[in-house]
S.K.: 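Below is the structure I would like to discuss, written out as structure tokens.
Whatever order the structure lists ligands and atoms in, that order sets their numbers, starting from 1.
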Amino acid sequence: MEIKVVTGDIVRIEADAIVVNLFEGVKQPGGATGAVDRALGGVIAQLIEKGEIKGKLHEITVIHTQGKLPALRVAVAGLGKEKEFSLNTVRDVMAEVCRALNCVNAQQIASVVHGAGAGGLQPEKAAQAIVEGAVLGLYSFDKYKKREPDETEIKELLLVELTPGLCPAIEKGSRRGKVLAEATAMARDMVNEPANYMTPSRMAEKAKTVADTYGLECTVLEAEQMRAMGMGALLGVAQGSQQPPKLIILAYKGDESSKKAVGFVGKGITFDSGGISLKEQDGMKDMKTDMSGGAAVIAALSVIAQFKPRLNVTGIVPAVENMPSGSAMRPGDIVKAMNGKSVEIISTDAEGRLILADALSYAVKQGLSPLVDLATLTGACIVALGHVCSGVLTNDREFLSRVMTAGEAAGERMWELPMFEEYKELIKSDVADLKNSGNRTAGAITAAQFLVEFVEGPWVHVDIAGTANLEKEKGYLISGGTGVGVRTLVNLAEALAQT
Ligand code: BES
Ligand code: MN
Ligand code: ZN
């Protein structure tokens, strides 16, 4: 989709559809909506009067202009209650409007910058949210589907602003939004690819392509190198699969004056069958998405390389397939991680923490700090928080607040779960330093208690099991991979560069 910013009156724009808005409860439309209403002879006000347009969220009314305007149609999008209005409303509304207009075969649409006027949002941020909402709301993963010949899609989006002085900010925001949305779509593509395509090797190839395209350093460690470094936990998970494991390292150098670098680690299980502790059918069905954290890290680095904040960032993605076979790891096995700690395997399905143990140990050894890991780690996190927000756990609540602020700005919500020492009891082993699974209680927390054994310095763990993959579309999030974490990590890197 091509995105352009123009100065002018939306009433004069020629397009398949122009998009205006209305807050809930407004009886007499003002601003651009008012101007369009007048040009249409008061039909919007009339529809409000009759109760057909209420301005509620999810309400989209498409009106044909019948020659009264250069545009063919007007879409009036409800913005909901003014006091609940936010950038995330803009993303969701824009996504829903675009899908609705796509259905009527609109190819070129024009929109006011929702929220930049009466909504009180910064024009730059509002424009960014509009573009994110439009691009991500129209996303579909259809590369394996035969396309119907008459299927069209929105090819051009014009952002129309009356005040010329606001256009540079809107231009800037829209460019930012496009890069972020396209990277998020790339993460979604990686997640939605089936596991017979998106193997650890293909993830590594993808990372190399990203590195070549945007100018990052990419190193891929092979099994022998990982063995030499003592990554027994990661290799234990990998040993049941025909697919060789890869440890993907992407480095962005934005501050040559410093040796310090921030570390982003993403779980890259390309398929989680559970291994010998085999999952049942329902639990296995979406397990091609178990590399969502890794995809988010690769995509975030691609944006960081384009935005060029003044800091160094290293992304680490352990890419491994978890399969059962004659060579697979067994419950009862004991493996040794790179930092020297031994782990008794209770369940081969608690594999994410094993590959992260070695990836985090490696990050520590490289001196990376602070650390953030993103992982579809536990079903227990979904039980606790559903699909509404990610779970976060930390050894440093000050750093956590920075991660959460970055998430907030992206509209990616997080909720903290506790790290009380008492939970550590649950992963004490009789025969090794740790065991890889506790009992049925507090599963998201014991997983984080396990991970903290492999980090040094400030660290935040983001459990995205409930947010990385959705069954039902919800605003700018569609069914399938969501690309969660990409925009949060980029915001965080930029914020860390400021201090
Ligand atoms: N990848 C799963 C967690 C998961 C479940 C992600 C559902 C997304 C949707 C993880 O590897 C796993 O199997 N976790 C186990 C841990 C248990 C064996 C301690 C779980 O949550 O059941
Ligand atoms: Mn598992
Ligand atoms: Zn898993």
Side-chain angles (χ1 to χ4, degrees), residues 191-192 195 198 200 203 233-234 236-238 240-241 243 245 265-296 317-324 328-333 343-359 373-391 393 417 423 426-429 434-451 461-472 479-482 484-485:
V191 172
N192 291 332
M198 192 49 73
M203 266 192 107
L234 186 156
V237 178
S241 170
Q243 296 294 337
V265 179
K267 173 177 174 180
I269 293 290
T270 59
F271 187 71
D272 183 10
S273 70
I276 295 297
S277 314
L278 197 65
K279 288 182 183 293
E280 36 76 49
Q281 194 168 321
D282 244 23
M284 209 187 294
K285 129 175 110 57
D286 288 334
M287 282 303 123
K288 67 172 186 181
T289 68
D290 211 17
M291 34 58 75
S292 299
V317 180
V320 183
E321 190 182 48
N322 186 24
M323 294 292 267
M329 191 168 65
R330 295 147 288 248
D333 283 3
V343 182
E344 178 191 4
I345 305 302
I346 300 298
S347 167
T348 63
D349 197 11
E351 84 298 337
R353 65 199 74 183
L354 294 172
I355 65 164
L356 289 173
D358 278 327
D373 79 73
L374 253 71
T376 45
L377 206 61
T378 66
C381 189
I382 312 179
V383 173
L385 301 172
H387 301 281
V388 174
C389 60
S390 303
L393 301 100
L417 298 171
Y423 292 109
L426 297 170
I427 52 164
K428 286 203 169 132
S429 163
L434 293 164
K435 56 185 183 185
N436 81 329
S437 160
N439 54 25
R440 271 149 31 93
T441 68
I445 300 171
T446 51
Q449 287 288 1
F450 183 91
L451 295 180
H461 159 60
V462 189
D463 194 330
I464 55 170
T467 50
N469 178 45
L470 293 181
E471 217 138 86
K472 240 179 80 205
S479 71
T482 60
V484 72

S.K.: What is the closest protein heavy atom to atom 7 (C) of ligand 1, and at what distance does it sit?
M.R.: M287 CE, 3.6 Å

S.K.: With the threshold set at under 4.0 angstrom, would you say K435 reaches ligand 1 through any of its heavy atoms?
M.R.: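 K435 does not count as a contact of ligand 1 under the 4.0 Å cut-off.
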
S.K.: Could you tell me if T441 and N439 have a donor-acceptor pair between their side chains, going purely by distance under 3.5 Å?
M.R.: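 Yes.
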
S.K.: Run through D272, D290, T270 and flag the one making a side-chain hydrogen bond (donor to acceptor under 3.5 Å, both in side chains) with N322.
M.R.: D272

S.K.: Taking K279's backbone N and O only, do any of them form a donor-acceptor pair with D349's side chain (distance below 3.5 Å, no angle check)?
M.R.: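 No, D349 side chain to K279 backbone: no donor-acceptor pair under 3.5 Å.
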
S.K.: Tell me whether T376 contacts the main-chain N or O of I464 through its side chain, where contact means a donor paired with an acceptor under 3.5 Å.
M.R.: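 No: the side chain of T376 does not pair with the backbone of I464.
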
S.K.: Just need the protein heavy atom nearest to atom 10 (C) of ligand 1, so name the residue and atom and give the distance.
M.R.: L377 O, 3.2 Å

S.K.: Does any N or O atom in K279 lie less than 3.5 angstrom from one in ligand 1, N or O only?
M.R.: yes

S.K.: What angle, in degrees and rounded to 10°, do you get at the Mn ion (ligand 2) when you join it to OE1 of E351 and to O of D349?
M.R.: 70°

S.K.: May I ask you to check if ligand 1 and R353 share an N or O to N or O distance below 3.5 Å?
M.R.: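 In fact, backbone or side chain, R353 has no N or O that close.
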
S.K.: For M203 versus A319, what's the shortest heavy-atom pair and its separation?
M.R.: SD-CB, 4.1 Å

S.K.: If you stand at the Zn ion (ligand 3) and look out to OE2 of E351 and OD2 of D272, what angle do those two lines make, to 10°?
M.R.: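 Roughly 90°, rounded to 10°.
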
S.K.: Salt bridge between K267 and D373, side-chain N to carboxylate O under 4.0 Å?
M.R.: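 No salt bridge links K267 with D373.
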
S.K.: In terms of atom number and element, which parts of ligand 1 are under 4.0 angstrom from non-hydrogen atoms of A465?
M.R.: 6 (C), 8 (C)

S.K.: Would you say S347 has any N or O atom under 3.5 Å from an N or O of ligand 1, going by distance alone?
M.R.: no

S.K.: Consider ligand 1: state whether an atom of it lies below 4.0 angstrom from any non-hydrogen atom of T289.
M.R.: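 T289 does not count as a contact of ligand 1 under the 4.0 Å cut-off.
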
S.K.: Identify, by atom number and element, the atoms of ligand 1 in contact range of K267, meaning under 4.0 Å from any of its heavy atoms.
M.R.: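 Contacts of ligand 1 toward K267, numbered from 1: 1 (N), 10 (C), 11 (O).
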
S.K.: Below 4.0 angstrom from a heavy atom of E351, which ligand 1 atoms are there? Numbered from 1 as shown, please.
M.R.: 11 (O)

S.K.: Suppose we only allow N, O or S atoms; which atom of D272 ends up nearest to the Mn ion (ligand 2)?
M.R.: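 Per the distance ranking, D272 contributes OD2 as its closest N/O/S atom to the Mn ion (ligand 2).
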
S.K.: Looking at ligand 1, does any of its N/O atoms fall within less than 3.5 Å of an N/O of G379?
M.R.: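 For ligand 1, there is an N or O atom that lies under 3.5 Å from one belonging to G379.
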
S.K.: Answer yes if the side chains of T467 and S390 hold a donor-acceptor pair under 3.5 Å, and no otherwise.
M.R.: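 Yes.
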
S.K.: Using a plain distance cutoff, I'd like to know if S437 has any nitrogen or oxygen under 3.5 Å from a nitrogen or oxygen of ligand 1.
M.R.: no

S.K.: Give the residue and atom name of whichever protein heavy atom lies nearest to atom 2 (C) of ligand 1, and the separation in Å to one decimal.
M.R.: D272 OD2, 3.5 Å

S.K.: Has D290 got an N/O/S atom less than 2.8 Å from the Zn ion (ligand 3)?
M.R.: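 Here the distance criterion (N, O or S atom, under 2.8 Å) is met by D290, so yes.
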
S.K.: Using distance alone, decide if ligand 1 has a nitrogen or oxygen within less than 3.5 Å of any nitrogen or oxygen in N436.
M.R.: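 No, there is no polar N/O contact under 3.5 Å.
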
S.K.: Keeping the roles fixed (side chain from T289, backbone from S292), state whether a donor-acceptor pair exists under 3.5 Å.
M.R.: no

S.K.: Hey, mind stepping through L354 and I345 against side chain to side chain contact (heavy atoms under 4.5 Å, CB included) and telling me if it holds?
M.R.: CA-CA 9 Å; L354 294 172; I345 305 302; 3.7 Å; yes

S.K.: Under 4.0 Å from a heavy atom of I382: give me the atoms of ligand 1 that qualify, with their elements.
M.R.: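 Once the distances to I382 are compared, the set is 7 (C), 9 (C).
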
S.K.: Ignoring hydrogens, what is the shortest heavy-atom contact between G481 and N192? Give both atom names and the distance.
M.R.: N-OD1, 2.8 Å

S.K.: Write down the atom of N436, the atom of A350, and the distance for their closest heavy-atom approach.
M.R.: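 Heavy atoms of N436 and A350 come nearest at ND2-O, 3.1 Å.
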
S.K.: Would you say the side-chain atoms of S241 pair up with the backbone N or O of A238, donor to acceptor, closer than 3.5 Å?
M.R.: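 Answer holds: no.
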
S.K.: Please say which of S273, S437, P324, P331 ends up in a side-chain contact (heavy atoms from CB on, under 4.5 Å) with T348.
M.R.: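 Exactly one option meets the side-chain contact (heavy atoms from CB on, under 4.5 Å) with T348, and it is P331.
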
S.K.: Looking at atom 12 (C) of ligand 1, what's its closest protein heavy atom, distance included?
M.R.: D349 O, 3.3 Å

S.K.: So does D290 have any N/O/S atom less than 2.8 Å away from the Mn ion (ligand 2)?
M.R.: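 Of the N, O and S atoms in D290, none lies under 2.8 Å from the Mn ion (ligand 2), which means no.
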
S.K.: Closer than 2.8 Å to the Zn ion (ligand 3): does that hold for any N, O or S atom in L377?
M.R.: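 Within the cut-off used here (under 2.8 Å), L377 places no N, O or S atom near the Zn ion (ligand 3).
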
